[in-house]
*Asks:* 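Let me begin by handing over the structure; questions about it come next.
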Amino acid sequence: MVDFVRLFYRDKDKFEHFVCQEENFKELDTLFGLHTGQIKYPYRTCFNGLEVKVTSKHGYVYNSIHKAYNDKFSQDAHNHDDFGYSKLCYMLDYISSKLIDVDIANLTQFEFGFNIETPVSAQQIIRNNVLMHKQKGANHNRVFNGRGELRQFDYHNFVIKIYDKARQYSLPQNILRFEIRFLKAKEFQKYGIYKITDLKDKQKLRKLFICLMQRFNEMTIVDSYDESTIPENDLCKLIRYNSYSYWERVISSRSNQTKMRHIRAYQELLNKHNLLQVKSLLKGLLQKKYLQLINF
């Protein structure tokens with residue numbers, strides 16, 4: 001569920017004093033002026049892959065708590081397995097034991113998503129079926145870190161990512177990940193989440209899941225089809241509607257009423273020709289995975 005997190009410490013002096021104590025962190029990296037002998041910011045250290053950083057003004061802690069859990073217990077820092085509620089709570093308590101003032105440090109960013117096992121490769125689904133989000137094309141449409149397909153949709157307060165987790169880690173099974181990365185605190189504070197400890201609240205996690213599914217429902221995920229089986233008039237409309245450039249060049253300048261009319265017509269066309277089976281499958285897998293992890 002929860003993966004990357006970013007904590008912000010406003011009281012830099014108190015946080016810096018804690019970080020600089022050898023009993024808290026045995027190793028601490030800084031910048032050193034060779035000729036002046038001056039120690040400069042930032043100060044950096046880490047534990048289980050979680051980065052700890054002190055600048056001249058603030059303190060930060062950030063990285064994947066899912067990877068940190070696996071690093072702590074298996075020496076293999078990956079995030080392709082299941083990371084359920086009990087593991088999440090353990091890591092939040094562990095972070096609290098390693099740092100100070102976790103209950104008052106501001107949570108400024110985090111990722112919420114799920115790894116789901118699919119009957120065909122995630123690469124195949126992403127390349128052939130994932131078209132748009134809210135009739136908008138992907139901002140990043142590439143091979144993820146040199147491995148696995150990725151579609152990323154960027155917004156001011158959040159990012160939506162759908163990518164091939166199995167290819168990223170060279171796994172034999174098919175694993176697709178769908179996630180939201182919250183970039184601005186106001187985007188998740190409306191769910192009552194202000195501190196990292198708020199992520200232990202199952203009701204708030206449920207609200208995050210509802211948010212995730214809302215974004216998923218806004219995705220345009222269309223089955224592959226045989227053009228010869230679709231009447232020519234419907235086929236022309238389908239080809240047009242399947243293109244994000246059509247929505248951006250032609251429909252975006254129209255009135256909201258006209259936009260909604262075209263969106264409804266597109267949805268009716270997809271339902272008419274039964275082209276939403278892949279989306280329905282992924283939706284069911286996400287719901288099943290949430291129920292599994294929230295009780296695990």
*Asks:* Not counting sequence neighbours, which residues clear side-chain hydrogen bond (donor to acceptor under 3.5 Å, both in side chains) with His133? List them please.
*Replies:* Tyr155, Glu218
*Asks:* Determine the minimum heavy-atom distance between Leu275 and Ser224, stating which atoms define it.
*Replies:*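 For Leu275 and Ser224, the tightest heavy-atom pair comes out as CD2-O, 4.4 Å.
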*Asks:* How long is the span from the OH atom in Tyr246 to the CZ atom in Arg240, to the nearest 0.5 Å?
*Replies:*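 Answer for the OH-CZ pair, Tyr246 versus Arg240, is 4.5 Å.
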*Asks:* Can you give me the closest heavy-atom contact between Phe112 and Leu205, atom names plus distance?
*Replies:*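 Taking Phe112 first and Leu205 second, the nearest heavy atoms are CZ-O, 3.9 Å.
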*Asks:* Give the cluster check for Tyr163 versus Ile180: same hydrophobic cluster or not, with ILVMFWY residues linked at side-chain heavy-atom distances below 4.5 Å.
*Replies:*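 Cluster IDs for Tyr163 and Ile180 differ.
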*Asks:* Any link between Phe25 and Val54 through a network of hydrophobic side chains (Ile, Leu, Val, Met, Phe, Trp, Tyr) touching at under 4.5 Å?
*Replies:* yes
*Asks:* Between CG of Asp81 and NZ of Lys165, what distance do you get to the nearest 0.5 Å?
*Replies:*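 Here the rounded value is 10.0 Å.
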*Asks:* Of the non-hydrogen atoms in Tyr94 and Ser97, which two are nearest, and what is the gap between them?
*Replies:*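 Closest approach of Tyr94 to Ser97: O-OG, 2.6 Å.
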*Asks:* Under a 4.5 Å side-chain heavy-atom rule over Ile, Leu, Val, Met, Phe, Trp and Tyr, are Phe178 and Ile210 clustered together?
*Replies:*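 Per the 4.5 Å side-chain linkage, Phe178 and Ile210 are not co-clustered.
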*Asks:* Return yes if some donor-acceptor pair links the side-chain N/O of Asn139 with the main-chain N/O of Asp154 below 3.5 Å, else return no.
*Replies:* yes
*Asks:* Does the Lys40 side chain pair with the main chain of Gly33, one donor and one acceptor, at a distance under 3.5 Å?
*Replies:* no
*Asks:* Quick check: are there more than 12 heavy atoms from other residues, nucleotides or ligands sitting under 6.0 Å from NZ of Lys204?
*Replies:*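 Check passes, neighbour count above 12.
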*Asks:* Which atom pair, heavy atoms only, marks the closest approach of Ile100 to Phe15?
*Replies:*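 Residues Ile100 and Phe15, closest heavy atoms: CD1-CA, 4.2 Å.
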*Asks:* Heavy-atom count check: over 12 atoms from other residues, nucleotides or ligands less than 6.0 Å from Gln173 CD?
*Replies:* yes
*Asks:* So, do Phe216 and Ile221 sit near enough that their side-chain heavy atoms are less than 4.5 Å apart?
*Replies:* yes
*Asks:* Angle between ring planes, Phe4 versus Tyr62, binned at 30° and 60°: parallel, tilted or perpendicular?
*Replies:*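 Taking Tyr62 first and then Phe4, their aromatic rings sit tilted (interplane angle of 30° to 60°).
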*Asks:* List the steps, then state whether side-chain contact (heavy atoms from CB on, under 4.5 Å) holds for Lys207 with Lys190.
*Replies:* CA-CA 10 Å; Lys207 290 177 182 179; Lys190 58 189 176 185; over 6 Å; no
*Asks:* Using a 6.0 Å distance limit plus a 45 degree cone around the ring axis, check whether Lys202 lies over the aromatic ring of Tyr85.
*Replies:* yes
*Asks:* Look only at the side chain of Ser74 and the backbone of Asp71, and say whether a donor-acceptor pair between them is shorter than 3.5 Å.
*Replies:* no
*Asks:* Less than 4.0 angstrom from a charged side-chain N to a carboxylate O is my criterion; do Asp82 and Lys87 meet it?
*Replies:* no
*Asks:* According to a hydrophobic-cluster definition based on side-chain heavy atoms being under 4.5 Å apart (Ile, Leu, Val, Met, Phe, Trp, Tyr only), do Phe18 and Ile95 belong together?
*Replies:*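 Yes, because Phe18 and Ile95 connect within a single hydrophobic cluster, where side-chain heavy atoms sit under 4.5 Å apart.
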*Asks:* With side chains defined as the heavy atoms from C-beta onward, is the minimum distance between Val61 and Val102 less than 4.5 Å?
*Replies:* no
*Asks:* For Ser280, give me all partners under side-chain hydrogen bond (donor to acceptor under 3.5 Å, both in side chains), at least two apart in sequence or on another chain.
*Replies:* none
*Asks:* Please report the shortest heavy-atom distance between Ala166 and Asp164, naming the atom on each side.
*Replies:* N-OD1, 3.2 Å
*Asks:* Would you sort out whether Glu268 and Asn271 count as a side-chain contact (heavy atoms from CB on, under 4.5 Å), showing the intermediate values?
*Replies:* CA-CA 5 Å; Glu268 290 170 2; Asn271 285 324; 5.7 Å; no
*Asks:* Taking the six-membered ring for Trp, are Tyr41 and Tyr43 closer than 6.0 Å centroid to centroid?
*Replies:*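 For Tyr41 and Tyr43, the ring centres are under 6.0 Å apart.
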*Asks:* Checking Asn106 side chain against Thr108 main chain: does a donor-acceptor pair fall under 3.5 Å?
*Replies:* no
*Asks:* With a 4.0 Å cut-off, would you call Glu51 and Lys53 a salt bridge?
*Replies:* no
*Asks:* Can the positive tip of Lys98 be found less than 6.0 Å from the middle of the six-membered ring of Phe47, inside 45° of the ring normal?
*Replies:*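 Geometry flag: set, cation within 6.0 Å and 45°.
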*Asks:* Can any side-chain N or O of Lys72 pair as donor or acceptor with the backbone N or O of Asn48 at less than 3.5 Å?
*Replies:*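 Checking the backbone N and O of Asn48 against the side chain of Lys72, no donor-acceptor pair under 3.5 Å is found.
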*Asks:* What do the steps show when you test Glu149 against Arg167 for side-chain contact (heavy atoms from CB on, under 4.5 Å), and what is the final call?
*Replies:* CA-CA 8 Å; Glu149 206 78 12; Arg167 285 290 297 275; over 6 Å; no
*Asks:* Please identify which of these residues, Asn115, Val120, Val130, Ile116, meets the side-chain contact (heavy atoms from CB on, under 4.5 Å) condition with Leu176.
*Replies:*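 With Leu176 as partner, Asn115, Val120, Val130, Ile116 yield a single side-chain contact (heavy atoms from CB on, under 4.5 Å), made by Ile116.
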*Asks:* Does the side chain of Thr45 come within less than 4.5 Å of Leu28's, by heavy atoms?
*Replies:*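 Yes, close enough: below the 4.5 Å cut-off.
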*Asks:* Under 4.5 Å between any side-chain heavy atoms of Leu199 and Leu107, yes or no?
*Replies:* yes
*Asks:* So His80 and Gln168, do their side chains get closer than 4.5 Å, heavy atoms only?
*Replies:* no
*Asks:* To the nearest 0.5 Å, tell me how far Glu117 CD sits from Asn174 CG.
*Replies:*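 Here the rounded value is 7.0 Å.
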*Asks:* Report yes if the side chains of Lys195 and Asp103 come closer than 4.5 Å at any heavy-atom pair, otherwise no.
*Replies:* no
*Asks:* Over all heavy atoms of both residues, which pair between Tyr225 and Asp223 is shortest? Give the atoms and the distance, please.
*Replies:*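 Smallest interatomic distance, heavy atoms only, reads CD2-O, 3.4 Å.
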*Asks:* Would you mind reporting whether Ile126 and Leu150 have side-chain heavy atoms less than 4.5 Å apart?
*Replies:* no
*Asks:* Look at the side-chain heavy atoms of Ile, Leu, Val, Met, Phe, Trp and Tyr, link any pair under 4.5 Å apart, and say whether Leu131 and Ile125 land in one connected group.
*Replies:* no
*Asks:* I'd like to check the ring-ring contact (aromatic ring centres under 6.0 Å, His included) partners of Phe8; sequence neighbours left out, ordered by chain and number.
*Replies:*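 For Phe8 the ring-ring contact (aromatic ring centres under 6.0 Å, His included) partners, ignoring immediate neighbours, are His58, Tyr60.
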*Asks:* Could you tell me whether the side chain of Lys279 and the main chain of Asn217 form a donor-acceptor pair under 3.5 Å?
*Replies:*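 Flag set: sc Lys279 to bb Asn217 pair under 3.5 Å.
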*Asks:* Is it the case that over 12 heavy atoms from other parts of the model lie below 6.0 angstrom from the CD atom of Glu22?
*Replies:* no
*Asks:* Using the benzene-type ring in the case of Trp, are the ring centres of Phe182 and Phe110 under 6.0 Å apart?
*Replies:* yes
*Asks:* I'd like to know whether NE2 of His140 has more than 12 heavy-atom contacts from other residues, nucleotides or ligands below 6.0 angstrom.
*Replies:* yes
*Asks:* Under 3.5 Å, side chain of Lys259 to main-chain N/O of Ser252, donor-acceptor pair present?
*Replies:*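 Checked: pair present.
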*Asks:* Any chance you could lay out the side-chain contact (heavy atoms from CB on, under 4.5 Å) test for Leu50 and Val52, step after step, and finish with the verdict?
*Replies:* CA-CA 7 Å; Leu50 292 171; Val52 180; 5.7 Å; no
*Asks:* Counting heavy atoms not belonging to Gln214, are there more than 12 under 6.0 Å from its CD?
*Replies:*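 Yes, enclosed.
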*Asks:* Before accepting this row, confirm whether a basic side-chain N of the pair Arg181/Asp3 lies closer than 4.0 Å to the acidic partner's carboxylate O.
*Replies:* no
*Asks:* CD1/Ile175 to CZ/Phe114 distance, rounded to the nearest 0.5 angstrom?
*Replies:*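 Spacing of CD1 (Ile175) from CZ (Phe114) equals 14.5 Å.
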*Asks:* Quick one: pull up CD in Glu111 and CZ in Arg6 and give me the separation to the nearest 0.5 Å.
*Replies:*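 Output value for this atom pair is 13.0 Å.
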*Asks:* Check the orientation of His262 and Trp247. Use parallel for under 30°, tilted for 30 to 60°, and perpendicular for over 60°.
*Replies:* perpendicular
*Asks:* Side-chain contact, heavy-atom cut-off 4.5 Å: Thr197 with Leu92?
*Replies:*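 The answer is no; the side chains never approach within 4.5 Å.
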*Asks:* Using the ring centroid of each side chain, check whether Phe73 and Tyr90 are separated by less than 6.0 Å.
*Replies:* yes
*Asks:* Do side-chain atoms of Asn79 reach the backbone of His66 as a donor and acceptor pair under 3.5 angstrom?
*Replies:* no
*Asks:* Measure the spacing between CG of Leu208 and CZ of Arg206 and express it to the nearest 0.5 Å.
*Replies:*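 Rounded to the nearest 0.5 Å, the CG-CZ separation comes out at 11.5 Å.
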*Asks:* Has Asn129 got a side-chain atom pairing as donor or acceptor with Val222's backbone, closer than 3.5 angstrom?
*Replies:* yes
